[in-house]
Amino acid sequence: MEKIVKIYRVIAKVGDDKFVKYHVNNLVSFSSFLDKNFPDWRWFNVFDKKTGIQVGNYTKKDRPIRSKV
């Protein structure tokens with residue numbers, strides 16, 4: 001059986017007036033990527049790539065956590 005991978009469009013605020021946009025499938029890894037490459041990042045919004053509907057938002061203090069399932 002093939003595993004379905006969900007792709008998200010993410011817009012992150014990484015400075016006082018700088019935003020970046022990425023397509024990601026793992027939000028936990030993405031927040032680690034931001035920590036490494038943009039240490040001053042503030043927040044990111046997550047959108048469904050197909051529909052464009054916002055499905056989440058995270059901040060540096062309220063970040064996605066790895067599921068224990």
Side-chain angles (χ1 to χ4, degrees):
M1 190 160 93
E2 195 173 316
K3 184 177 179 182
I4 297 173
V5 177
K6 189 77 169 172
I7 303 291
Y8 301 103
R9 181 176 295 123
V10 178
I11 300 172
K13 184 168 186 178
V14 296
D16 288 337
D17 56 358
K18 183 176 180 185
F19 296 86
V20 292
K21 189 185 305 185
Y22 290 97
H23 293 117
V24 300
N25 62 1
N26 185 321
L27 298 175
V28 174
S29 294
F30 180 70
S31 62
S32 296
F33 165 80
L34 288 176
D35 289 336
K36 182 178 177 184
N37 294 290
F38 302 101
D40 294 334
W41 72 275
R42 297 176 183 199
W43 53 260
F44 63 90
N45 292 328
V46 182
F47 301 88
D48 183 280
K49 186 177 178 210
K50 286 185 178 182
T51 64
I53 296 172
Q54 185 173 349
V55 295
N57 61 317
Y58 298 97
T59 65
K60 196 164 186 149
K61 292 181 182 179
D62 180 25
R63 55 181 59 217
I65 57 172
R66 178 157 287 153
S67 174
K68 295 183 181 182
V69 174

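When every heavy atom of K36 is checked against every heavy atom of P39, the shortest pair comes out as O-CD, 4.4 Å. Nearest heavy atoms, V28 versus N26: N-OD1, 3.0 Å.
Counting only heavy atoms from C-beta outward, the side chains of V10 and K49 never approach each other to under 4.5 Å.
Listed by chain and residue number, V14, K18, V20, Y22, F33, L34, W41 satisfy the side chain to side chain contact (heavy atoms under 4.5 Å, CB included) test with F38 (two or more places apart in sequence, or in another chain). Checked against side chain to side chain contact (heavy atoms under 4.5 Å, CB included), K21 has the following partners two or more places apart in sequence or in another chain: R9, I11.
Under the side chain to side chain contact (heavy atoms under 4.5 Å, CB included) test applied with W43, the options D62, N57, T59 reduce to a single match, T59.
For the atom pair NZ (K13) and CG (N45), the distance works out to 11.5 Å, reported to the nearest 0.5 Å. Rounded to the nearest 0.5 angstrom, L27 CG and R63 CZ are separated by 12.0 Å.
Hydrophobic clustering (ILVMFWY, side-chain heavy atoms < 4.5 Å, transitive): V55 and V24 are in one cluster. Criterion: ILVMFWY side-chain heavy atoms under 4.5 Å apart, direct or through other members. Under it, F19 and F47 are part of a common hydrophobic cluster.
Not one N or O on the side chain of K6 forms a donor-acceptor pair closer than 3.5 Å with the backbone of D48.
Between F30 and F44, the ring centre distance stays below 6.0 Å.
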